[in-house]
Amino acid sequence: MGAINSIEQLESYRRELASKVRADLPTVMVCFGTGCQANGSRLVAEAFMRVIEEQGLKVGVNLGIKTTGCHGYCENGPLVALKPQDLLYLKVKPEDVAEIVEETVKGGRVVERLVYRDKITEELVARYSEIPFYKHQHRIALRHIGTIDPTSIDDYILVGGYSGLAKALTMKPEELISEVERSGLRGRGGGGFPTGTKWRSCAAVDSDVRYVMCNGDEGDPGAFMDRSIMEGDPHSVIEGMIIGALAVGSHQGYIYVRDEYPLAVKNLTSALEAAREKGFLGPDILGSGFAFDIKISRGGGAFVCGESSALMRSVEGNVGEPRAKYIRSVERGLYNRPTVLNNVETWANVPEIILKGADWYAGMGTERSKGTKVFSLVGKVNNTGLVEVPMGITIRELVENIGGGVLGGKRFKAVQTGGPSGGCIPERLADLPIDFDSLTEAGSMMGSGGIIVMDEDTCMVDVARYFTAFLVEESCGKCTPCRDGLPRMLDLLNDITEGRGGDEHVAMLEELCDLLTWGALCGLGTSAANPVLSTIKYFREEYDAHIKERRCPAGVCKALITYSIDAEACTGCRLCAKKCPQECISGERKKPHVIDTTRCIKCGVCKDVCAYDAVRVS
Amino acid sequence: MEQLSVFAARLIEKAEYFAQGHRACQGCAEALAVRLVMKGLGRDTIVAMATGCMEIISSPLPTTAWEVPWIHVAFENASAVITGCESGVKAMMRKGKLPPKKINFVAMGGDGATADIGMGQLSGALERGHDFIYVCLDNEAYMNTGIQRSSATPWGASTTTSPAGKLSKGQHTQKKDMPKIAIAHNIPYVATACPSFPFDLLEKVEKAAAIEGPAYLHVLSVCPTGWRIPSEEAIRYGRLAVNTCVFPLYECEYGKYRLTYKPDPILPVKEYIEGQGRFRHLAPEDIQAIQERTTAEYQKLLKLSEEG
Amino acid sequence: MVEVSVFDRIIERYERSEESLLAILQDFQREFHYVPEEGIRRLSEVLRVPESKIYAMGTFYKALSLTPRGRHVVKVCTGTACHLKGAPQILEALERELGVKRNGTTEDGEYTLECVNCVGACAMAPVTLVDEEYHGQTRASKVMDIIRKRTEE
Amino acid sequence: MEKISVIIDGKTLHAVKDRCVLQVARENGIYIPSLCYNSEVESSGGSCRVCLVEAHQGGRMRLVTSCNYPVRAGLEVKTDTPLVRRIRRGVLELLLARVPDSEVIREMAAREGVTEVRFRRDEGENERYKCIACALCTHVCAEVVGVHAIAMTERGADKKPATPYHKPSEVCIGCGACAYACPTGAITMKETDGVRRIWGKDFPMVRCSVCGAPHIPEAQVDWIVKRTGKDRAFFDKCPDHR
């Protein structure tokens, strides 16, 4: 079928699609997110096709099979979800497929060994929505991910896709803007600027050309919610952008995607083509006479391009250097025209807000941070992955209820939020509700939503050093404080972690942080001090231990630790000695081994390979 | 830097402190010199100006071409007045009546005011070590009153008080070497400049302003009226004066000489002399004499500059 | 020496506007595993964009390399989650095993070792990429085996 | 030109709307140090951060670079507060650590009371001996001259102006405007025997047909003739003999 020319046609097309689908048809959904693909989900999908063929079953008649976007629970991939039973199988291997088809698809029985087992209660949870990781979630931005095939526009239309746009076409631009304003939606990219206000300012500027843009340059290490949405539900982003274009009166959109996300680029590109074919994009959207189209821009591997003015420079085909935003981009953005730039997650929320109304959305979250937020919960936590929860949930709830507590029963020390622009929040503040303002108050930032859990084995000075090193590499070099200040900060932090720290080091760090916060040109620079400042604020004793006692309490900083072998735990298996690149581990078979610390380069391979946990760090 | 004129000129700030609309003659290089000097000094400048062309043309009551505080004083005492201003402002800053900031104190005078009438006062001001700049706008005669000779008029130039005729070759004394006199006061900075070399002039003005203590700038300012040349030739004659080494561009910083521009090739002085009405009576042997003297002076300067 | 027509073929895929610069450079990178000097020159001619600007882009964006890279590119993710779970050890092990520093290429031109700031697969940390293929939960002691296995295929 | 009034350091001043704070301050005799800004080069400024001032507007204060912050009604600027001085000193200390041999930076830092660097200094590599990576030279080359011979390359601490591949540029005309504009004198231009050397390339100069003095690079003549259609013969003579 060709282009859809009216809202009525869209509805009849949807009905037509629905009539072809049998609700009771068993459906197998194999996750094709980057994570699961890395774990081999492609082979699992192939195995399904093979088994189906061997057994003489027909796709669409006996069962449905589709590949979906990321379920967010990547650690346990490849994931396979099954309907109508609402089951989720974890770590599925190609050799499990025959059994799944036989037992579950045909027999309706559960294959227990592939089911989630609670790490503490040992209880088996087969139903998708009952798994603790999912039970506490409330999915809006991630609403379709994992259930639809991102490469099929029909799948999206079937679950109600583009009805937000259909509704928006019946509304006036002003109504759209105030709807978004009333919903209280704030920018999900980090700054938390009210989206409606942004749209209103842009629409108010006198100009014949306006742009809407999507920031998919998800650069914060430890965050991948945007990747997941672009890969798993690209049409929701596109639909959101069309609605935004309607509201501000734009006819050209741009999506800027990180180069490190090839699958996102692929899925977005095909989604755009499909949307054009169906008439959701182009010169006459759904017969309304409104014209809008979207181009994709690939990033080039520069973190600073996530900053709005740098991103626009990069889209224009320049080096991605930020400029001073004394005149805001809603006035003079891309090509000096009024521009609305929102991030992926923000756009994905827009269709639902228009469809269900501002009140519905504003009913969730806290006083000043409405709705839900997607977090990528990673680091030293049992369940890692993407979670979407209402704003205002506490850090502890997130880590313990959804994350299932800290990995290996270790002590929960801190979470890092907001990536290199954010900070570390200690365990004692874990009852802090997560929203834009409280995180900023605590010296961190919402950022794009990375929550990195740290345990007692994490050295906070090393974390500060890590982020500073990251920023040194990613600084564009335009302004003095960032270009020359960050390397000096790194010098100081290297001194501390390598045991050369002096009494004045922390004071000098604070001075440089002050300089960056006030003096740097763009958001990357002005927030670059947060990782250092927050660790100094909450973990001063760790700095002191490094400086005064020349000791790394977490056993991370190489210059301050030594490896040794616990004679009681060592079984003399010789594995470490074989693997040691320095060949400095000696000992006879079945007798405790010894590390020659004078030659040890502290590479950690021995600890890594030891099956008996006999290698000690002190 | 002088050869950069095509593009680098566009990088100079456009703000002016000596405004257009004054009453100088067409082609007056002295007005250009003042304009460039003021551009180099900027807004925070106080000028005391001796009687002379620039005073007359710039301040016809009730208008003024000056965008900075400016005072006209008598022929002889511009340097005395500006050093008084400097001491006064310094005292007021010390007492907290004025906020502390860097202000350029500048005395300006023509060659007559500098080399003849005001020389005693200038010498006193240089000797007292005030932080000020003296700018001599040298057009080589009292042009304002109708071209009478001064002690800075070069040998052989015809003026109304040194007319050339059967018994006279015009000015019969050599031009007084004011920069050397200033250098003899052992002040931090002395330089010669010419508006035909604007970058060189600007650099020297900025240097003079930055250096603490007295600075003396001697600016050759071609006067089409008094030199009897077409008004559009003023810039060219300025360049000829420099390129023939009649007026070499140099500076002397704390006693160290440096030629800031070495003409290559050095043109014969004949090119400079010819065409100027004030020299038209000179015979080839007279020009030869000027050439010899010019070469000798330049050699001396080269040697000084090499010695550093 | 690459034929000019090879560059032209890539340039033709895109609109002739400065907006296409980065995309074309990335396609050069994919095609030749680096951005050749002649490619920049040709792009400058065809799009009428100063060569200095394109060169500047080449040095700015990390996805682009102006010097030839190895036949296989090994990328160690150094995102935060990977860092905490041992990426530095993996990087060190690779530096040791391959005998090159980060961003270096082995003498035989076989491997280039790079770091990437988060590939967004944090739930599988630490991640190593061999020729764009993701390997999750890698360990310092095993990483070379993965690479050999992958590249010998 | 809409005129508005702003307050700078307590003084109410009248200024043209959207002119930058630095210009307005200078016109009114308020000194703000600055390095990377040239009022005649449109996209210059914003990078050295020496000219930071406090901008108070709408009840909110932030530090802004006065060289590109537009004056608008209701703006109050403070150029000399403890915060401004503290951050300015910090910036100058970093610059001094970067280019300890630059007299301009040394003098400017000394004026703000910074004479010592507590951080590791950069070893004086020849290339960036005095360069503070402010990009003014590249803006001049692109906007004023229009040849785009140099651009800011690399990123972070390695950022520097360079010709493509650090080779002698094919498009450079040797006009020297970059060297003139450089606030720290980091670009060397030398002339010997009628040949000018800049950015690693030699430019033969046109000699005056009358006096023989070299006065303009041949490449620059080509460029001007191409751009303006001016008669080439005009450049046969030096300015003195035209």
Side-chain angles (χ1 to χ4, degrees), chain C residues 1-2 4 7 11 16-22 24-26 28-29 32-69 75 78-79 83 101-105 112 114-118, chain D residues 41-44 47 125 127-128 131 133-179 181-182 187 198-201 203 219-220 222-223 226-227:
Chain C
M1 192 68 190
V2 185
V4 171
F7 299 122
I11 297 170
R16 288 204 177 181
S17 107
E18 288 194 32
E19 260 180 35
S20 318
L21 276 178
L22 186 51
I24 295 172
L25 289 174
Q26 279 167 333
F28 284 175
Q29 176 80 40
F32 312 108
H33 301 290
Y34 81 111
V35 179
E37 192 176 339
E38 309 93 70
I40 288 188
R41 193 161 307 135
R42 184 65 189 156
L43 189 53
S44 157
E45 279 166 20
V46 176
L47 257 60
R48 297 178 186 278
V49 174
E51 201 184 331
S52 62
K53 184 185 148 173
I54 306 177
Y55 173 75
M57 288 175 75
T59 60
F60 182 86
Y61 290 108
K62 243 170 113 180
L64 308 173
S65 158
L66 295 177
T67 45
R69 296 201 293 180
K75 289 184 188 171
T78 51
H83 178 81
K101 288 278 156 203
R102 58 191 295 188
N103 298 325
T105 302
T112 296
E114 289 183 359
C115 291
V116 54
N117 286 326
C118 194
Chain D
V41 185
E42 205 190 325
S43 39
S44 69
S47 84
E125 286 173 50
E127 264 179 296
R128 52 184 244 199
C131 175
C134 75
L136 185 54
C137 52
T138 63
H139 293 313
V140 164
C141 187
E143 288 166 39
V144 179
V145 186
V147 300
H148 299 270
I150 46 172
M152 295 306 286
T153 62
E154 309 289 337
R155 60 156 103 150
D158 298 327
K159 194 156 203 115
K160 55 180 165 284
T163 54
Y165 293 92
H166 298 264
K167 291 179 183 170
S169 162
E170 285 172 21
V171 292
C172 180
I173 58 170
C175 73
C178 50
C182 177
I187 301 171
I198 185 166
W199 292 111
K201 187 176 171 183
F203 292 91
Q220 188 174 341
D222 294 342
W223 176 249
K226 194 174 118 199
R227 286 277 289 242

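To find a chain, count down the sequence lines: A is the first, B the second, and so on, and within it residues start at 1.
With chain C as the partner, the residue from D:Ala149, D:Cys141, D:Pro164 showing the most heavy-atom pairs under 4.5 Å is D:Pro164.
Scanning for ring-ring contact (aromatic ring centres under 6.0 Å, His included) contacts around C:Phe7 gives C:Phe28, C:Phe32, with sequence neighbours left out.
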Chain D to chain C donor-acceptor contacts, backbone plus side chain, under 3.5 Å:
unit_1   : atom_1 : unit_2  : atom_2 : d
D:His148 : O      : C:Ser52 : OG     : 2.7
D:Glu154 : N      : C:Thr59 : OG1    : 2.8
D:Arg155 : NE     : C:Phe60 : O      : 2.9
D:Arg155 : NH2    : C:Phe60 : O      : 2.9
D:Lys167 : NZ     : C:Glu37 : OE1    : 2.9
D:Lys167 : NZ     : C:Glu37 : OE2    : 2.6

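Heavy-atom distances place no part of C:Ile54 under 4.5 Å from chain D, backbone and side chain included.
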